[in-house]
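Because only heavy atoms are used, hydrogens play no part in the values below, and waters and symmetry mates are left out as well, while side chains stay in. Remember, predicted model here, so these are calculated numbers, not experimental data. The chain is numbered in sequence order, starting from 1.
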Amino acid sequence: QSDTGTITEVEYLSIARAVREVEAKRALKAVNKDDDEVDEDVVNVVEADELPELLHELGHAPLLPENVREFMQDCGYKSDRQLTFEDLIPLLERIRLAEGFPKADLEEIAEVFRQHDVDGSDSISGLELERAIRWLGFPASFEHVQAIFEMFDIDNTGELDNNEFMQVVGRLRKKEIDKCVEHIKLAESKGVARLDDDLVAWVPTSHLRHVLESLGHAPLHSESAVLARAMSLRVGGEEEAALVVGKGEVDMWGLACLVRAYRCELREITRKTHGFSEMEVHELRGRFCEHDPKNTGSISDKHLGKLLGSLFEGSRQSKAAHVKVAEVLKRVDEDGSGTLEFHEFLGLMRVVQDDLSKQKQFKERRAVEETGFSRAELKEFREVFHSFDADGSGDMDFDELQQMVAVIVGDAARASKGERELREVLRQADEDGGGILDFPEFLRVIRTLVNQNFLGINDRLPPSNPRLS
């Protein structure tokens, strides 16, 4: 190796081979727990059905048992084959490159990426990422997507390429499996899981509801056939659960399959509703009816004009704004009738929601530039913001801000002088004057508190963060 700080292709291939060998040895060592080292002169093997749980324990891309066979076939292995050290190296490489996704999933992910790469740049923005994640059936709030985007936009381009998008989806799917593992372990610790003869833990299929809610799917879709089926089955009942081994019970992987089945079901529903959830559709239905007083099933004439005027401020005074509204209406009015039926109304509201998300993204980027916080600091502040957002509103009111500051500086934040000064800091950062902070305004508050050394806050912050100390 040279001292240039770079490596040649040959050196890269050598390193890649060494990494794969280390992974294979770790896998075999995990299986042969009684051996401190893997002896390459002895044929150590791993059974194919042990691979999914083994990969999860080792931190690899999650692989559902149903997908093991496909990857083994790609390597030319029979599905019941025992895997040796040399077998594992190419298999782990294939799994890694595909992020654990089977071919059908890879094709869908690539297609979703192409659909949401609106400008054909071979990359997607944060707004496009939010739509793409919803399109795949994962729960996706603006704040959640921004946190994901910051994590994977390593080069700070403001865009994700296809490989980065695949990694995002891989992370979301890994979260699903992690939650299933956590739930099974918790059920074991509480004594509500049944252990079979092989000490595999099983829980009732009704536990699906708790896992889905922990993943952010709440409120759950009221017409979900997957959820209804899982909730109706009982241990020892006559019916057998789809995708599940046993009657009314699932192990860790069965639970993960049910979670995926629910997501796939939700994916098809949300695609028909322009990415809106069931609750959002219900709320929008009420708004639609307000502009359809005669219950005709469509919004037209003066009611349509009133709706558009409320959604696009200035459209009547500005020619440019009027042209924009006309273009939007032409795009969502699928039959060209000049009226909006409910599904077309949903398309209109998706345009409005996307515009709001664009404004949020612009506001946040501007706040990040102005405050100068690092990527690591942003991640930490986002977690702090959500942890003190007690009501889950996505905003922070004064009481929540005061509670957060008091954790750092003590009761001085609640004293009259401290409270008065803190209210003034919030007022200066609150751009819309609503008395509450969104995340960009929260960043400005933090920067002001640090710059002013509010109540000696810098002396109480961790010294490991040089920007804040």
Side-chain angles (χ1 to χ4, degrees), residues 26-27 30-31 33 46-72 79-80 83 88 91-92 95-96 98-102 105 137-139 169-218 220 224 226-227 229-237 239-266:
R26 286 178 62 206
V31 173
K33 295 182 175 62
V46 56
E47 301 289 344
D49 59 3
E50 295 177 304
L51 199 56
E53 189 167 355
L54 183 61
L55 290 175
H56 182 267
E57 290 177 356
L58 295 176
H60 285 263
L63 184 68
L64 293 174
E66 63 192 68
N67 303 139
V68 172
R69 185 178 294 105
E70 179 178 315
F71 282 103
M72 292 184 67
S79 59
D80 58 350
L83 302 171
L88 279 173
L91 182 60
L92 291 176
I95 293 171
R96 187 215 310 280
E99 291 286 330
F101 290 111
D105 285 359
F138 293 99
V169 180
R171 176 64 64 92
L172 292 172
R173 190 196 53 177
K174 184 177 185 299
K175 182 180 178 181
E176 289 183 341
I177 294 178
D178 287 345
K179 286 294 183 182
C180 292
V181 173
E182 289 175 15
H183 185 82
I184 292 289
K185 289 182 177 179
L186 181 62
E188 280 190 80
S189 68
K190 292 184 175 181
V192 295
R194 179 182 67 84
L195 296 181
D196 63 16
D197 293 340
D198 296 321
L199 299 182
V200 174
W202 295 75
V203 296
T205 56
S206 58
H207 285 218
L208 173 64
R209 172 182 291 276
H210 304 296
V211 177
L212 292 174
E213 289 174 343
S214 70
L215 285 166
H217 281 290
L220 301 177
S224 166
V226 173
L227 184 59
R229 179 75 168 167
M231 296 303 294
S232 66
L233 290 171
R234 295 290 181 269
V235 177
E239 298 180 302
E240 290 190 2
L243 303 176
V244 186
V245 178
K247 296 181 178 181
E249 291 183 311
V250 282
D251 62 1
M252 178 181 78
W253 297 109
L255 191 57
C257 285
L258 281 178
V259 169
R260 178 180 178 179
Y262 177 87
R263 173 167 50 81
C264 290
E265 181 185 47
L266 196 63

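Considering only residues two or more places apart in sequence or on other chains, E265 meets the side chain to side chain donor-acceptor pair (under 3.5 Å) condition with S224. Checked against side chain to side chain contact (heavy atoms under 4.5 Å, CB included), K174 has the following partners two or more places apart in sequence or in another chain: P62, D178. Y262 meets the ring-ring contact (aromatic ring centres under 6.0 Å, His included) test with H217; sequence neighbours excluded. Residues satisfying the side chain to side chain donor-acceptor pair (under 3.5 Å) test with E176, not counting sequence neighbours, are R263. Applying the side chain to side chain contact (heavy atoms under 4.5 Å, CB included) criterion to D197, with sequence neighbours excluded, gives no partner residue. With sequence neighbours excluded, the residues forming a side chain to side chain contact (heavy atoms under 4.5 Å, CB included) with L186 are S189, K190, listed by chain and number. Not counting sequence neighbours, the partners of K175 by the side chain to side chain contact (heavy atoms under 4.5 Å, CB included) test are H144, K179, L215. Residues satisfying the side chain to side chain donor-acceptor pair (under 3.5 Å) criterion with H183, sequence neighbours excluded, are H207. Applying the side chain to side chain donor-acceptor pair (under 3.5 Å) test to D105 and every residue at least two apart in sequence or in another chain returns R260.
Here the CD-CG distance, from E213 to L220, works out to 5.0 Å after rounding to the nearest 0.5 Å. A distance of 9.0 Å separates CG in L83 from CG in L92, rounded to the nearest 0.5 Å. Summarising the geometry, atom CG belonging to L208 is positioned 9.5 Å from atom NE2 belonging to H210; distances are rounded to the nearest 0.5 Å. Put simply, CG on L195 and CH2 on W202 are 11.5 Å apart, with the number rounded to the nearest 0.5 Å. Put simply, CG on N67 and CD1 on I95 are 9.5 Å apart, with the number rounded to the nearest 0.5 Å.
Contact detail for F71 and F101: the closest heavy-atom pair is CZ-O, 3.3 Å. Listed here is the closest heavy atom pair of R173 and F138: N-CE2, 4.1 Å. Nearest heavy atom pair, residue L258 against residue V250, reads CD1-CG1, 3.9 Å. Between L64 and A256, the closest heavy-atom pair is CD2-CB, 4.0 Å. Scanning all heavy atoms of the two residues, the minimum distance from C257 to E66 falls at SG-OE1, 3.3 Å. A pairwise comparison of heavy atoms in D196 and D198 identifies OD1-N, 2.9 Å as the closest pair.
Counting only heavy atoms from C-beta outward, the side chains of L88 and L51 approach each other to under 4.5 Å. Side-chain contact between V203 and I184 is present, with at least one heavy-atom pair separated by less than 4.5 Å.
A distance-only check finds a donor-acceptor pair linking the side chain of E50 to the backbone of E47 [under 3.5 Å]. In this structure, R194 contributes its side chain and E249 its backbone to no donor-acceptor pair below 3.5 Å.
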Does the pair W253 and I177 meet the rule for a side chain to side chain contact (heavy atoms under 4.5 Å, CB included), with working shown? CA-CA 8 Å; W253 297 109; I177 294 178; 4.0 Å; yes

